[in-house]
Amino acid sequence: MSNTDFMLAVEDLTVSFDGFKAIDKLTLYVDRDELRVIIGPNGAGKTTLLDLVCGKTRATGGSIKFVNREMTGLPEYQIVRAGIGRKFQTPSIYENLSVFQNLAVSFPRGRGVFGALAFKTDAEVRQRVSDVAAEIGLSEALEREAAQLSHGQKQWLEIGMLLMQEPQLLMLDEPIAGMSVREREQTAELLKRISRGRAVIVIEHDMDFVREIADKVTVMHQGKILAEGSMDQVQNDPRVIDVYLGH
Ligand code: ADP
Ligand code: MG
């Protein structure tokens, strides 16, 4: 396949670690405006898939196209610049800086060949910080030190730091781990909101949360896709019940 309307087109992707295929000829397409959830047993290769898409791990074979541009082989910073943001399980915020400062330092500066000319003014940075803070529900907390935030708020701040870069594809690995019930509900709303105009991929185990947010669910098993479809389709799929949901 040469051209695609998909935001993300992963085809025949493979990665071997000492002969063990953690990802095995995997093909996956994600649309714009889509919130895709990836589920599957531990060791299925979910995190490795995100590592490959964001360039942290090099593929052994296959292709990763983002808005029709091949990403395999690009260094991580170029993949970020292309518009792919990745949230890891442990938040990497600056605890001793304020929420405002955390967001402001995440503003991309000096992109492209005209780096110096692309430098943004303080007013532009402040405007973007204000927009992003509203999106992540931290408008009232801009002057607070990040260390003072709740666990959930820290996760949202990190999502905000990614949003400062205006990614078209956002990938999150188990974003609600350790959150309160209320924070989970707010995170569901946040993820649904930020998937508009973008594509969002979430790895998650909590099936109630998956049902709440997913447009489509992909079930991985042994580096391959076992099933894909609506929550109802995958939940009633005997193969999915056998390897994952039945346990
Ligand atoms: P999941 O996120 O679905 O639980 P992972 O992607 O973390 O699964 O891991 C898939 C498999 O690949 C596991 O068997 C894991 O041990 C292996 N694996 C992941 N990363 C590496 C690595 N860098 N080197 C060797 N094996 C790895
Ligand atoms: Mg994982």
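We count ligands from 1, going down the list as the structure has it; atoms in each ligand are counted the same way. Computed from a predicted structure; not experimentally measured. We number each residue from 1, following the sequence as shown.
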> For the side chain of Thr218 and the backbone of Glu228, is there at least one donor-acceptor N/O pair under 3.5 Å apart?
Replying inline: no
> So, are Asp206 and Arg184 salt-bridged, with charged N and O less than 4.0 Å apart?
Replying inline: yes
>> Quick one, Asp33 and Asp31 - any side-chain contact, counting heavy atoms below 4.5 Å?
In response: no
>> Would you say that Glu34 contacts Tyr29 through its side chain, given a criterion of any heavy-atom pair below 4.5 Å between the two side chains?
In response: no
> With a cut-off of 2.8 Å, which protein N/O/S atoms are close to the Mg ion (ligand 2), if we only count those under it?
Replying inline: Thr47 OG1
>> Could you measure the distance from the CG atom of Asp237 to the CG atom of Asp232? Nearest 0.5 Å is fine.
In response: 12.5 Å
> Do Gln155 and Thr187 have side-chain N/O donor and acceptor atoms under 3.5 Å apart?
Replying inline: no
> With side chains defined as the heavy atoms from C-beta onward, is the minimum distance between Asp51 and Arg86 less than 4.5 Å?
Replying inline: yes
>> With no hydrogens and no angle check, just 3.5 Å: does a side-chain donor-acceptor pair link Glu158 and Ser92?
In response: yes
> How close do Glu70 and Ser63 get, heavy atom to heavy atom, and via which atoms?
Replying inline: OE1-OG, 2.9 Å
>> Strictly under 4.0 angstrom, heavy-atom based: which residues surround ligand 1?
In response: Phe17, Phe20, Ala22, Pro41, Asn42, Gly43, Ala44, Gly45, Lys46, Thr47, Thr48
